[in-house]
Amino acid sequence: MTVRLADTLTGEVRPLEPLEPGHVRVYTCGPTVYGPAHIGNFRSFLFADLLVRYLRYRGLRVTWAMNLTDIDDKIIRGAAAEGVSTGELADRYATRFLADASALGMTRPDVLPRATEHIPQIADLVARLRDAGHAYQTEDGSWFFRIASWPAYGRLARLDPEAMRVGERVESDEYGKDDVRDFALWKGPKPGEPSWDTPIGPGRPGWHIECSAMSMTHLGPSFDIHTGGVDLVFPHHEDEIAQSEAATGKPFVRTWMHCAHLRLGGEKMAKSKGNIERVADLLAAGVSPRALRYALISVHYRAPLNYTDESLPAAAAAVDRLDALLAALAAYREDRADDSTLPGLLSGVRAGFEAGLDDDLNISEALAALFEGVRELNRRLADRTLSTADAAHAATFLRELDAVLGVAAPPADELEPELAAMLEARAAARSARQWAESDRLRDELAERGIAVEDTRDGQRWRRTVASGG
RNA sequence: GGCGACGUGGCGAAGAGGCCUAACGCGGGGGUCUGCAAAACCCCUAUUCGUCGGUUCGAAUCCGACCGUCGCCUCCA
């Protein structure tokens, strides 16, 4: 079977056929760095991460670009409010974004292009649109895309361009447009705003143009997958298609993938609604980043995900179940013949895992296969039917699948000397049958986030997965 | 108002005509194991899939109506 993905434009789930066989080019609409991103934003970034990880797991080469939009109205406003430059504000939140992303185990994209570093490409794109008759300039030096010149407008969002005149609203800086539906490609210079001198005149990029310019610069005029949150379908991605295809005359994106919203309190999580949670705040409150990551990726990306008080504890428990098995496999020692049925078990789990993910990233089906494997491995561990080598193979196998999920604890890391000493002391107390002392040490270790268990393979420990509660 | 998505156990969620007396995770109850725990394993926890009709030998899965929730149409992941 091959990877099949849903495409917003056609509404179909189609096999992925990269334009260049074996090499998939992916563009993800990243954050506008005007403030800290919330976990709803991260849901869509982690969805893209899951996609990229899976394609790589599948043996495909992936080039992944994710933009950082570092110039726009909100950045200008925020910088003005703080009395700092737009560059300084953007840098600050770009750094913070990358820190949050890496805490959540997000793969670093191959390219992280910034709008302000692609001004020439943006200006060139506008010039091409002008030459092709799709763009016009207004008195203030702004450039607009002429929607009337692009009949395909509205296809992605399934909106009727004719009907869009209803409820029209004219932004204060958009007077002079020929048609209210037209959107800004380039904004003329204004006092107090950053401005770049370019062949199309001075000013700054509009709202959507940077993604067209950067994606085509780094991935080519046509590429395979473009991802983002559903709220970007219109107008952002609709406009990207129009301006890109009108400029190049080539199909822009093969597959458009959109992630549904994260909800809190029944509503879309959004800064404007005030119902947001931020990564750094949650981690500071003691939430395990792996639990948070699991909570955000364990529901299919096209289904709304309701974030509640139970989300994190449930996710933490699931992740801990995986950790516990990995720890048990690592500690397991049994001198006996290999279990001849183990390879069959593992390949069955793999088949289920892949069948799920192949089907438009059906994570639930994949996780079901994984956890069925977890239960069966636990059984065999308890029954001692595995050899030491079997346990090692099983652990390697689980880590291979987890390369896609990115939630399991790293292999037995070095423990802080102080905690290691406590573990040693406890083992000694236990062998001397000093139960009170060994129990006291166990409690103390538990408070420090180390779960200690006594097994036939000896004393075993692992870091607990906290949910902040 | 226009367009669209969705409604499955205590919670999350898969399943999209017969393998469903409904996967998987969380939670709860009982048990086994253990110095005690923990982890793990075993059993139980939806004869039922928003409601009402219809199609069919057969429907959670198809059709219709209704009720409810959410999103987009404006900056937004």
Side-chain angles (χ1 to χ4, degrees), chain A residues 8 11 28-32 34 37-48 72-74 154 157-160 163-164 166-169 171 207 227-236 238 258-263 266-273 294-295 298-325 327-328 331 352 356 359 362-383 430 433-436 438-439 442-443 446 451-456 460-462 464 467:
Chain A
T8 306
T28 294
C29 272
T32 297
Y34 69 102
H38 60 251
I39 61 174
N41 300 321
F42 274 103
R43 181 190 189 197
S44 76
F45 303 140
L46 290 177
F47 138 65
D72 91 319
D73 292 0
K74 278 179 290 203
R158 285 164 229 282
L159 289 172
D160 176 3
M164 285 170 55
V166 182
E168 63 193 46
R169 252 188 265 176
E171 299 268 334
W207 295 305
T227 80
V230 274
D231 46 10
L232 294 183
V233 172
F234 191 89
H236 189 60
E238 189 72 58
H258 292 101
C259 178
H261 286 135
L262 179 69
R263 291 185 196 165
E267 282 187 308
K268 159 188 177 178
M269 181 174 286
K271 199 176 177 188
S272 59
K273 304 203 184 207
Y294 186 93
S298 59
V299 171
H300 184 78
Y301 75 93
R302 284 194 286 129
L305 196 178
N306 218 7
Y307 182 83
T308 71
D309 290 344
E310 288 166 45
S311 302
L312 288 174
V319 170
D320 187 59
R321 180 165 164 80
L322 202 54
D323 284 357
L325 173 58
D359 182 17
N362 185 336
I363 187 82
S364 295
E365 191 182 332
L367 289 173
L370 172 66
F371 280 107
E372 276 173 33
V374 167
R375 190 192 318 118
E376 185 54 33
L377 286 170
N378 272 324
R379 265 189 209 126
R380 297 187 187 199
L381 236 33
D383 295 344
R430 252 195 116 241
R433 305 184 71 80
Q434 293 166 2
W435 309 130
S438 78
D439 290 353
R442 183 171 59 198
D443 291 345
V452 187
E453 291 156 4
D454 301 306
T455 74
R456 185 158 150 189
R460 163 173 103 197
W461 65 272
R462 69 176 190 283
T464 48
S467 60

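Naming convention: chains lettered A, B, ... in sequence-line order (proteins, then strands); numbering from 1 in each chain.
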Does a side-chain N-to-carboxylate-O contact under 4.0 Å join D439(A) and R442(A)?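 Between R442(A) and D439(A) there is a salt bridge, with a charged N closer than 4.0 Å to a carboxylate O.
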
Evaluation steps, side chain to side chain contact (heavy atoms under 4.5 Å, CB included), between D73(A) and Y34(A): CA-CA 9 Å; D73(A) 292 0; Y34(A) 69 102; over 6 Å; no

Would you classify [X] as touching base, sugar-phosphate or nothing, given that sugar-phosphate means primed atoms plus P, OP1 and OP2, and contacts are heavy atoms under 4.0 Å?
| X | result |
| --- | --- |
| G40(A) | base |
| A368(A) | base |
| A270(A) | nothing |
| G356(A) | nothing |

Show each protein N/O and nucleotides 4-11 of chain B N/O combination with a separation under 3.5 Å, one pair to a line.
{"residue": "rC11(B)", "atom": "O2'", "partner": "E310(A)", "partner atom": "OE1", "Å": "3.4"}

Rounded distance in Å - [atom1] ([X]) to [atom2] ([N]):
| X | N | atom1 | atom2 | value |
| --- | --- | --- | --- | --- |
| L367(A) | rC26(B) | CG | C1' | 13 Å |
| L370(A) | rA14(B) | CG | P | 17 Å |
| L232(A) | rC76(B) | CG | C1' | 7 Å |
| K271(A) | rC76(B) | NZ | P | 13 Å |
| L262(A) | rA13(B) | CG | C1' | 16 Å |
| D359(A) | rA14(B) | CG | C1' | 11 Å |
| L305(A) | rA14(B) | CG | P | 10 Å |
| H300(A) | rA14(B) | NE2 | C1' | 11 Å |

Check whether any side-chain heavy atom of V233(A) lies under 4.5 Å from a side-chain heavy atom of R158(A), and answer yes or no.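 Side chain of V233(A) against side chain of R158(A), heavy atoms only: no contact under 4.5 Å found.
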
With rounding to whole Å, what would you report as the distance between [N] and [M] at their [atom1] atoms?
| N | M | atom1 | answer |
| --- | --- | --- | --- |
| rC20(B) | rU47(B) | C1' | 11 Å |
| rA65(B) | rC42(B) | P | 47 Å |
| rC76(B) | rC67(B) | P | 35 Å |
| rU61(B) | rG7(B) | C1' | 14 Å |
| rA22(B) | rC44(B) | P | 11 Å |
| rG25(B) | rA14(B) | C1' | 11 Å |
| rG18(B) | rA13(B) | C1' | 24 Å |
| rU21(B) | rG58(B) | C1' | 16 Å |

Please work out the stems of RNA chain B from pairs that are Watson-Crick or G-U wobble with both distances under 3.5 Å, keeping only runs of three or more consecutive pairs.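 For RNA chain B the paired stretches long enough to count as stems (3 pairs minimum) are B:1-7 with B:67-73, B:10-12 with B:24-26, B:27-32 with B:40-45, B:50-54 with B:62-66.
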
Reading nucleotides 32-44 of chain B from 5' to 3' and marking B where a protein heavy atom lies under 4.0 Å of the base, S where only the sugar-phosphate is that close, and - otherwise, the string is ---BBBBSSSS--

Could you please name the option among [options] that lies closest to any side-chain atom of [X]?
| X | options | result |
| --- | --- | --- |
| F371(A) | rC24(B), rC75(B), rA77(B) | rC24(B) |
| N362(A) | rC72(B), rG27(B), rA14(B) | rA14(B) |
| N41(A) | rA77(B), rG25(B), rC75(B) | rA77(B) |
| E372(A) | rA14(B), rC24(B), rC76(B) | rC24(B) |

All N/O donor-acceptor pairs, side-chain side in residues 308-315 of chain A, below 3.5 Å, sequence neighbours left out:
{"residue": "T308(A)", "atom": "OG1", "partner": "E310(A)", "partner atom": "N", "Å": "3.1"}
{"residue": "S311(A)", "atom": "OG", "partner": "T308(A)", "partner atom": "N", "Å": "2.8"}
{"residue": "S311(A)", "atom": "OG", "partner": "T308(A)", "partner atom": "O", "Å": "3.2"}

What residues form a side-chain contact (heavy atoms from CB on, under 4.5 Å) with P235(A), not counting sequence neighbours?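 Per chain and number, P235(A) pairs via side-chain contact (heavy atoms from CB on, under 4.5 Å) with H208(A), D239(A).
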
Worked check of side chain to side chain contact (heavy atoms under 4.5 Å, CB included) between H38(A) and N41(A): CA-CA 5 Å; H38(A) 60 251; N41(A) 300 321; 3.4 Å; yes

Distance, nearest 0.5 Å, that separates [atom1] of [X] from [atom2] of [Y]:
| X | Y | atom1 | atom2 | result |
| --- | --- | --- | --- | --- |
| E376(A) | L325(A) | CD | CG | 11.5 Å |
| K268(A) | L262(A) | NZ | CG | 11.5 Å |
| F371(A) | L377(A) | CZ | CG | 12.5 Å |
| I363(A) | H300(A) | CD1 | NE2 | 10.0 Å |

Could you walk me through whether L367(A) and Y294(A) pass the side chain to side chain contact (heavy atoms under 4.5 Å, CB included) test, one step at a time? CA-CA 11 Å; L367(A) 289 173; Y294(A) 186 93; 3.6 Å; yes

If we ignore hydrogens and angles and just use 3.5 Å, is the side chain of R462(A) paired with the main-chain N or O of A451(A) as donor and acceptor?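 No.
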
Partner set under salt bridge (Lys or Arg N to Asp or Glu O under 4.0 Å) for R375(A), not counting sequence neighbours: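 Partners of R375(A) under the salt bridge (Lys or Arg N to Asp or Glu O under 4.0 Å) test: none.
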
Hey, which of these two, A303(A) or A260(A), hits RNA chain B nearer its 5' end, going by closest nucleotide?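 First, find each residue's nearest nucleotide; the 5'-ward one identifies A303(A).
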
Determine, stepwise, if the pair L381(A) / N378(A) fulfils side chain to side chain contact (heavy atoms under 4.5 Å, CB included). CA-CA 5 Å; L381(A) 236 33; N378(A) 272 324; 4.3 Å; yes

Does K268(A) get its side chain close enough to the base of rC70(B), under 3.5 Å, for a donor-acceptor pair?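 Between rC70(B) and K268(A), which were checked side chain against base, a qualifying N/O pair under 3.5 Å is absent.
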
